[in-house]
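First comes the structure, then the notes that go with it.
Protein chains get the first letters and strands the later ones, always in sequence-line order, with residue 1 at the start of each.
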Protein chains: 2
Amino acid sequence: MNSSAVPAGVLRRPFPEALLRALTGRFGDRVSTSEAVREHHGRDESPYDPQLPDAVVFAKTTEEVAAAVSLCAQHGVPIIPYGSGSSIEGQLLATQGGVSLDLSGMDRILAINAEDLTVTVEAGVSRKVLNENLRDTGLFFPIDPGADASLGGMTATRASGTNAVRYGSMRENVLALTVVLADGRVIKTGTRARKSSAGYDLTRLFVGSEGTLGIVTEVTVRLYPIPEAISAAMCAFPTTTDAVNTVIQTIQMGVPISRVEFVDPLGMKAVNQHSRMTLKEVPTLWFEFVGSETGVQEQAEMVQAIAAENGGLDFEWATRPEDRNRLWSARHNFYFAMLQLKPGCRAVTTDVCVPISRLAECIDGTLQDIAASSLPCPIAGHVGDGNFHIGILVDPAKPEEFEEAEALNRRVVSRALSMDGTCSGEHGIGLHKMGFLIEEHGDDAIDVMRAVKHALDPGNILNPGKMFSFTA
Amino acid sequence: MNSSAVPAGVLRRPFPEALLRALTGRFGDRVSTSEAVREHHGRDESPYDPQLPDAVVFAKTTEEVAAAVSLCAQHGVPIIPYGSGSSIEGQLLATQGGVSLDLSGMDRILAINAEDLTVTVEAGVSRKVLNENLRDTGLFFPIDPGADASLGGMTATRASGTNAVRYGSMRENVLALTVVLADGRVIKTGTRARKSSAGYDLTRLFVGSEGTLGIVTEVTVRLYPIPEAISAAMCAFPTTTDAVNTVIQTIQMGVPISRVEFVDPLGMKAVNQHSRMTLKEVPTLWFEFVGSETGVQEQAEMVQAIAAENGGLDFEWATRPEDRNRLWSARHNFYFAMLQLKPGCRAVTTDVCVPISRLAECIDGTLQDIAASSLPCPIAGHVGDGNFHIGILVDPAKPEEFEEAEALNRRVVSRALSMDGTCSGEHGIGLHKMGFLIEEHGDDAIDVMRAVKHALDPGNILNPGKMFSFTA
């Protein structure tokens with residue numbers, strides 16, 4: 001095993017000079033073959049070594065995306081949509097070469113329909129930029145996968161994050177998409193109606209398809225009124241089990257909590273170092289309560305009582321907006337914080353999600369795996385959803401550390417699957433979890449996915465080699 | 001135009017004697033070719049004349065469903081899953097003959113996982129039976145499409161109903177399915193994890209596919225804690241516009257109301273007659289508030305203030321469980337109540353759903369259409385979602401009434417589509433709305449649906465001739 005899921009080069013397809021000429025004719029200086037640009041687009045936040053596309057094209061409109069896809073289709077050349085580069089399972093690596101299609105220039109907010117609680121944006125708009133643009137509306141877009149990901153990328157990965165426990169994931173919050181198909185045709189997958197029974201759910205077929213079925217160019221999502229009252233708090237626990245049991249009981253009682261995050265002692269250390277904070281380095285829950293003033297108070301009282309029963313110490317509150325922002329920004333920077341625990345390291349991440357009743361058992365088993373590992377393994381998780389991550393920190397120069405990390409990952413995933421959970425709560429499959437996808441769904445269900453892929457991309461040009469094996 | 005969307009007989013495929021023998025060999029007396037049984041299974045609540053299957057098979061297990069599908073596949077014979085018969089767009093008519101597969105005997109509750117807020121049931125379990133079985137858990141399943149539909153049928157139609165404004169539709173509430181594919185293979189589409197980014201969203205591909213992609217045999221859905229406090233109320237308004245504006249403002253303020261239903265004066269008359277009530281026969285909103293005691297009070301105060309600003313009269317409260325049940329049961333029986341307004345009639349139903357900001361304009365235009373119609377047209381709707389229905393009551397013996405009803409339906413749908421709405425909020429496409437599906441999605445998106453259909457059912461045996469045209 002080396003530091004890439006696919007050995008570089010072996011799968012690369014020819015990249016015809018004629019295609020490069022045609023792309024340059026259409027896109028001018030928005031086509032690049034420079035090493036630096038290709039290097040930037042041939043990687044993501046995964047631990048894998050980059051695999052470079054042959055060219056990078058910067059698209060500005062849906063029509064340009066359609067033109068680029070049509071040209072690649074004519075030549076049977078792979079095309080990989082690129083948003084903000086923050087995926088972490090190897091989704092963006094050009095293992096078969098081809099074109100990386102950078103959509104970051106598709107950055108227009110197309111329509112804020114505040115009265116309908118919807119917004120339509122181009123795929124390159126990031127979640128932070130979206131929320132900045134919503135500032136005057138009293139509304140916000142809640143999905144927050146840590147990184148300042150693009151809406152197109154979040155759609156492709158079926159992203160979620162800290163707010164999902166209350167607001168759901170991209171699965172629940174995308175209303176409609178504009179998608180460029182593998183032959184360059186453009187479709188809209190839905191309307192702005194809140195619900196619909198009109199035909200197959202094409203929207204959700206593309207949500208989570210990781211660029212393998214079509215290229216998302218516009219996204220319509222639901223918005224929510226900014227709550228009247230918001231309160232955040234942290235609570236330290238004697239043990240991880242105490243913290244997790246607090247979460248389980250909170251969810252089972254139906255408390256409409258907006259965030260409940262777990263960070264383990266090593267993770268807390270990483271947060272302290274990265275964000276220059278002085279938090280206790282013990283098992284900790286991070287809470288957020290939203291609603292009316294009385295609603296927030298009711299929720300907080302219920303959860304404080306549950307925490308106290310489980311040995312939780314006093315809540316430390318952050319009610320001023322700047323304190324809350326500092327808290328959540330520290331949490332959102334967790335990925336980069338943990339990387340600093342081991343200079344020069346990369347993170348092999350787990351992403352399991354289990355039914356909430358099995359969470360304590362799942363984390364207990366994981367703690368035993370971690371205790372037996374030689375690698376630093378900070379934990380953070382969206383525990384209200386039953387989802388948690390271990391960042392297994394490896395030295396990229398040491399294949400044996402990758403091996404150890406993957407062995408640990410396999411044990412964690414097997415345990416989650418045995419509990420009727422999933423190998424990926426929110427990061428997707430990419431290259432990293434292809435084996436787990438089969439283990440989770442079984443061969444027949446993967447055959448169905450493969451049949452759908454064949455139906456929509458028979459030439460296998462859309463982000464080929466990701467999610468499951470498929471041959472044109 | 002006659003009273004069927006497809007002339008009887010013209011599309012029927014051969015039904016080989018060998019298939020009947022094989023089915024009888026496998027299912028014994030659970031195969032029926034009696035006229036009465038076939039007649040019962042060749043209809044639904046749509047206004048269309050029945051079109052009879054050649055045989056009806058009563059399945060008890062997923063393995064039996066797989067066996068029936070395999071046999072039909074061998075002979076290229078259509079197979080139509082049948083739950084409780086309550087669909088209303090012609091989904092169940094055997095326009096091409098074949099087998100109606102009755103799943104009502106698949107009525108086991110397989111696993112109540114109260115601590116995870118999930119339940120897994122066989123497809124034939126109805127929503128009322130499910131909720132009766134949940135009685136001791138403190139949990140409930142909120143989706144309620146009026147009729148006591150089966151969970152399999154609700155999945156196939158992507159059903160919703162009065163609670164969707166707060167709890168979402170089947171789209172948001174199905175976690176995983178067991179599905180028999182067109183070749184008899186059985187897959188599971190998901191796990192009990194609350195969220196997942198593992199692969200294509202097969203669950204939501206089958207939700208809303210109306211039996212055309214696979215036969216759902218088991219359904220895992222989310223449950224919710226029964227709220228601490230529940231309060232229902234009715235409020236009468238001087239005009240429909242006043243009522244609708246009240247709804248729009250309630251939704252836009254983000255009040256987490258659990259139900260808000262509109263019924264027009266003619267609809268109120270139908271309710272009074274059918275449920276022996278003495279409600280005012282004026283434009284009326286039906287509300288339900290749930291949450292903590294103080295939460296319910298807060299919501300009710302906000303909505304009362306909004307209603308008062310829009311000319312609403314005093315709220316009439318129903319807080320005792322028996323009063324609330326009487327109220328909602330009257331609302332749930334609306335479909336049958338309105339049929340009694342015109343003895344012997346059938347209902348051509350509209351089902352549009354528009355962004356909430358356009359609802360007043362959409363209903364205004366509809367009222368003008370109705371004023372110009374010679375037919376009784378009671379209105380009821382899940383207005384919090386922007387979804388409303390007209391029941392256009394026609395004499396089945398009078399083709400000209402069907403023609404007039406369909407012309408009205410077309411006007412209503414065109415208006416909704418021009419407002420970025422959908423032709424079907426919750427009833428599905430069936431036979432009735434096939435033309436509208438194309439109008440809504442466009443040819444290219446329908447081509448994608450067709451490609452998916454081809455990928456999963458190349459022989460076109462699964463409920464053929466529904467949703468969109470497709471040839472094997």
Taking all atoms of both residues into account, what is the closest heavy-atom pair of B/Cys353 and A/Ala193, and its distance?
O-CB, 3.4 Å
Quick one: of B/Thr212, B/Thr203, B/Leu205, B/Asp443, who has the most non-hydrogen atom pairs under 4.5 Å with chain A?
B/Thr212
In terms of heavy-atom pairs under 4.5 Å, which option from A/Ala164, A/Ala176, A/Ser160, A/Gly295 contacts chain B the most?
A/Ser160
Is A/Gln249 in contact with chain B via its backbone, its side chain, both, or neither, using a 4.5 Å heavy-atom distance?
neither
So which atom in B/Arg158 and which in A/Gly199 form the shortest heavy-atom distance, rounded to 0.1 Å?
NH2-O, 2.9 Å
Donor-acceptor pair, side chain of B/His441 and main chain of A/Ala198, under 3.5 angstrom:
yes
A/Leu359, A/Val352, A/Leu437: which one forms the most heavy-atom pairs within less than 4.5 Å of chain B?
A/Leu437
Can you tell which of B/Gly442, B/Cys423, B/Gly425, B/Pro225 has the highest number of heavy-atom pairs within less than 4.5 Å of chain A?
B/Gly425
Backbone N/O of B/Thr422 and side chain of A/Ser196: donor-acceptor pair under 3.5 Å
no
For the side chain of A/Gln252 and the backbone of B/Glu115, is there at least one donor-acceptor N/O pair under 3.5 Å apart?
yes
ring-ring contact (aromatic ring centres under 6.0 Å, His included) evaluation trace for B/Phe468 with A/Tyr200:
CA-CA 10 Å; B/Phe468 47 80; A/Tyr200 299 163; 5.4 Å; yes
If you count heavy-atom pairs under 4.5 Å with chain A, which of B/Ala455, B/Gly254, B/Pro355 comes out on top?
B/Pro355
Please list all pairs meeting salt bridge (Lys or Arg N to Asp or Glu O under 4.0 Å) that have one or both residues in residues 190-205 of chain B, counting only residues at least two apart or in different chains.
A/Asp385-B/Arg194, A/Asp385-B/Lys195, A/Asp420-B/Arg192, A/Glu426-B/Lys195, B/Asp116-B/Arg192, B/Asp201-B/Arg204
Interchain contact, B/Thr118 with chain A, by part (heavy-atom threshold 4.5 Å):
neither
Interatomic distance, CG@B/Asn387 vs OG@A/Ser197, rounded to 0.5 Å, equals 8.5 Å
Grab the two heavy atoms, one from B/Ile251 and one from A/Leu117, that are nearest each other, plus how far apart they are.
O-CD1, 4.0 Å
B/Asp447, part contacting chain A, at a heavy-atom distance under 4.5 Å:
side chain
Take A/Thr191 and B/Val354, measure what side-chain contact (heavy atoms from CB on, under 4.5 Å) needs, and give me the verdict at the end.
CA-CA 9 Å; A/Thr191 71; B/Val354 296; over 6 Å; no
So which residue, A/His382, A/Met253, A/Arg171, A/Glu440, ends up with the most heavy-atom pairs under 4.5 Å with chain B?
A/Arg171
Considering non-hydrogen atoms only, spot the tightest contact between B/Asp444 and A/Val186 and give its length.
OD2-O, 4.2 Å
Measure distances from A/Leu456 to the heavy atoms of chain B and classify the residue's part below 4.5 Å as side chain, backbone, both or neither.
side chain
Separation between CG (A/Asn113) and OG (B/Ser357), nearest 0.5 Å, reads 6.5 Å
Let's test your reading of the structure: which of A/Val179, A/Thr189, A/Leu213, A/Leu181 forms the most heavy-atom pairs below 4.5 Å with chain B?
A/Leu213
Residues which pass side chain to side chain contact (heavy atoms under 4.5 Å, CB included) with A/Ala300, listed by chain and number, not counting sequence neighbours
A/Phe289, A/Gln304, A/Trp317
Find the one option among B/Arg185, B/Lys453, B/Met467 whose heavy-atom pairs under 4.5 Å with chain A are most numerous.
B/Arg185
Most heavy-atom pairs under 4.5 Å with chain A, out of B/Met170, B/His427, B/Glu298, belong to B/Glu298
Give the member of B/Gly168, B/Ala445, B/Ala451, B/Gly208 that has the highest number of heavy-atom pairs under 4.5 Å with chain A.
B/Ala445
